[in-house]
Trainee: 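Here's a structure for you.
Excluded from the calculations below are hydrogen atoms, water molecules and symmetry mates; all remaining heavy atoms, backbone and side chain alike, are included. The shown structure was predicted, so the numbers you read here are calculated from the model rather than taken from an experiment. Below, chains carry the letters A, B, ... as their sequence lines are ordered, and counting in each starts from 1.
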Amino acid sequence: MKLFNTLSREISELTPLDGNQFRMYVCGPTVYGPAHIGNFITFTRADILYRTLKVAGLNPYYVRNITDVDDKTIRSSQEQGMTLSAFTEKWTTKFHEDCALLNLLIPDVEPRATEHIPEQIDIVQKLMDKGHAYQGADGSVYYRVKSFCCYGKLSHFDPEELRTQDTNSAGRANDADEYERDNVADFALWKARKPEDGDNYWESPWGQGRPGWHLECSAMSIKYLGETFDLHAGGEDLCFPHHENEIAQSEAATGKEFCRHWMHSTHLMVEGKKMSKSLGNFFVLQDLLDKGYSAMAIRMAFLNGHYRQQLNFTFNGLDAATSALGKLAEMLEKILPEGKELSDYRGGIVSDFGSLSNAWMALSNDLNTPAALGAMFSALKKLAKTKPQVEALEVDLKAIAALTYALGLEVEVASLRKQQEAKPVVEVPADIAALAEKRSEAKKAKDWGTADALRQELQEKGWKIIDTREGYSVEPC
RNA sequence: GGCGCGGUAGCCAAGUGGUAAGGCCGAGGACUGCAAAUCCUUUAUCGUCGGUUCGAUUCCGUCCCGCGCCUCCA
């Protein structure tokens with residue numbers, strides 16, 4: 001299993017440091033509202049990594065946090081007259097529901113920032129003791145970036161550049177005064193309590209306040225995965241400053257390498273533009289479900305792009321994914337023995353991917369999902385056509401099962417078969433049935449003109465006639 | 001300005017130094033009185049201009065176009 005590493009900017013083999021368990025951490029959501037599809041493509045990609053590591057036999061241990069305290073959660077909870085915990089609980093529940101719909105596996109641990117305050121304070125204390133942090137005039141504790149040798153090693157930014165630059169291309173001023181910091185690049189480890197924080201504060205050696213954003217990830221990843229662990233993932237926007245700061249504070253506190261491999265998922269574009277509320281291209285999962293798209297189709301659409309390549313999410317693409325999913329089910333129906341499901345072939349280590357080898361190679365080489373999908377379709381097409389002997393098929397079926405598991409694609413052939421059988425059972429209103437019967441009679445009499453006129457009439461009323469060997473059936477359009 | 005990414009058929013999207021996977025849509029054919037469904041077949045010389053090479057879409061350089069990050073946004 002190989003993956004691009006942001007740190008080295010190279011594709012390299014993934015190996016568990018302890019030789020047994022592959023320990024990974026993914027930056028989870030800030031729960032202040034429903035997560036949007038941009039958030040979900042990142043979590044879906046992390047999910048695919050987790051699943052692929054499992055199939056590859058790397059025994060992954062997966063931690064994904066919930067950020068339940070920050071400016072937005074505090075402000076929004078106050079606006080709605082809710083306590084912070086009740087408010088974040090509500091959105092955490094919603095997040096979990098959406099994850100289930102998208103078929104995201106549940107992480108082994110899902111720690112919350114507010115439940116790890118002592119651990120965070122502990123890191124700040126270590127940084128203070130070692131001279132990497134200082135308390136500003138405002139009471140907040142800041143990390144002194146220039147005290148860390150390697151600041152910028154992940155994002156490949158030059159710290160000097162960051163320090164001297166006073167504006168960026170977006171025209172925003174990097175206003176140092178606002179933060180009471182020694183240096184613009186310094187960031188808050190512990191934020192002093194402000195009146196607008198209300199009851200949302202904790203006691204610390206530096207007074208009342210709350211942890212800074214980056215700190216929670218350092219504290220929780222170290223707690224659950226150790227001071228050095230295997231992989232850390234998140235959206236590309238987190239590369240800097242979030243992950244850079246995590247590295248700085250963690251390595252300065254422990255004196256050890258923080259994380260060996262970094263994965264960043266590109267942002268999702270929607271209809272060619274960055275997703276934003278003002279452009280009207282801002283979607284949460286429910287918006288798409290309301291439009292009649294299935295969560296699985298959304299996942300399929302995600303799969304059609306490589307995680308390091310910007311994916312343009314469009315309704316056209318969603319339609320294509322829906323069709324492709326249908327085709328996948330049809331091919332599987334032909335390949336699977338009667339009464340069998342793909343899930344019947346799951347489990348155990350798959351060492352031989354048979355005719356699906358190319359697909360597995362693509363997936364296990366930097367998670368090339370579009371290539372894996374392509375190779376899988378090619379292989380399935382051949383299998384559906386040739387229908388090999390049961391014994392020969394066994395290897396391929398196990399491979400397909402493992403591959404679809406890694407991609408997180410659930411295709412239930414039984415339900416497809418049932419669906420097909422169930423189609424004629426749809427209730428047809430009496431008047432529609434009468435029209436259909438009239439057409440059938442006209443057809444028998446070879447009165448094509450009348451028959452077609454009746455078909456047209458039914459069409460306008462929202463029903464279509466499908467002629468079969470036995471006669472005909474009526475279905476809603 | 002700094003760092004980085006991309007421009008492959010109508011759309012989406014892999015890929016390779018030796019003339020280009022897959023999906024969607026479309027077209028043609030089979031089937032059908034017609035239609036639907038299904039099956040079969042089919043659609044590209046890879047942004048521009050140069051260079052290296054026996055040979056480049058694939059390597060190097062130029063230009064044009066699009067995009068991301070640059071302090072709390074996945």
Trainee: Would you say a side-chain N or O of A:Lys334 is under 4.0 Å from OP1 or OP2 of B:C39?
Mentor: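 Looking at the OP1 and OP2 atoms of B:C39, one of them is under 4.0 Å from a side-chain N or O of A:Lys334.
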Trainee: Have a look at A:Leu328 and tell me which of A:Val411, A:Ile400, A:Leu373 forms a side chain to side chain contact (heavy atoms under 4.5 Å, CB included) with it.
Mentor: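 Option passing the side chain to side chain contact (heavy atoms under 4.5 Å, CB included) with A:Leu328: A:Val411.
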Trainee: Can you tell me, in whole Å, how much space there is between the P of B:A20 and that of B:U45?
Mentor: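 Comparing P positions in B:A20 and B:U45 gives a spacing of 10 Å.
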Trainee: By nearest heavy atom, map A:Gly317 and A:Asp71 onto RNA chain B; which one lands nearer the 5' end?
Mentor: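 So the residue in question is A:Gly317.
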Trainee: For A:His36 together with A:Phe282, are the ring centres under 6.0 Å from each other?
Mentor: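 Ring-ring flag for A:Phe282/A:His36: true, centres closer than 6.0 Å.
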Trainee: Using a 4.0 Å heavy-atom cut-off, does A:Arg439 contact any base of the nucleic acid, only the sugar-phosphate backbone, or nothing at all?
Mentor: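 Since a base atom lies under 4.0 Å of A:Arg439, the category is base.
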Trainee: Could you tell me whether A:His243 and A:His232 have their ring centroids closer than 6.0 angstrom?
Mentor: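 Ring-ring flag for A:His243/A:His232: true, centres closer than 6.0 Å.
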Trainee: Within residues 446-457 of chain A, find the residues that approach RNA chain B with a heavy atom at under 4.0 Å, and present them sorted by residue number.
Mentor: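 Heavy-atom contacts with RNA chain B come from A:Trp448, A:Asp452, A:Arg455.
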Trainee: With Watson-Crick and G-U wobble geometry limited to distances under 3.5 Å, how should the secondary structure of RNA chain B be encoded in dot-bracket form, using | for bases paired to another strand and [ ] for crossing pairs?
Mentor: (((((((..(((.....[...))).(((((.......)))))....(.(((..]....))).))))))))....
Trainee: Rounded to whole angstroms, how far apart are CG on A:Asn245 and P on B:U71?
Mentor: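 It works out to 12 Å between those atoms.
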Trainee: Could you check whether A:His267 and the base of B:A74 form a stacked pair, meaning centres closer than 5.5 Å and planes differing by less than 30°?
Mentor: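 Stacking is present between B:A74 and A:His267, given that their ring centres fall under 5.5 Å apart and the planes under 30°.
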Trainee: Can you check each nucleotide of nucleotides 18-27 of chain B against protein heavy atoms at under 4.0 Å and return B for base, S for sugar-phosphate only, - for none, in 5' to 3' order?
Mentor: ---BBSSS--
Trainee: Hey, do the aromatic rings of A:Tyr143 and A:Tyr151 have their centres closer than 6.0 Å?
Mentor: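 Not under 6.0 Å, so no.
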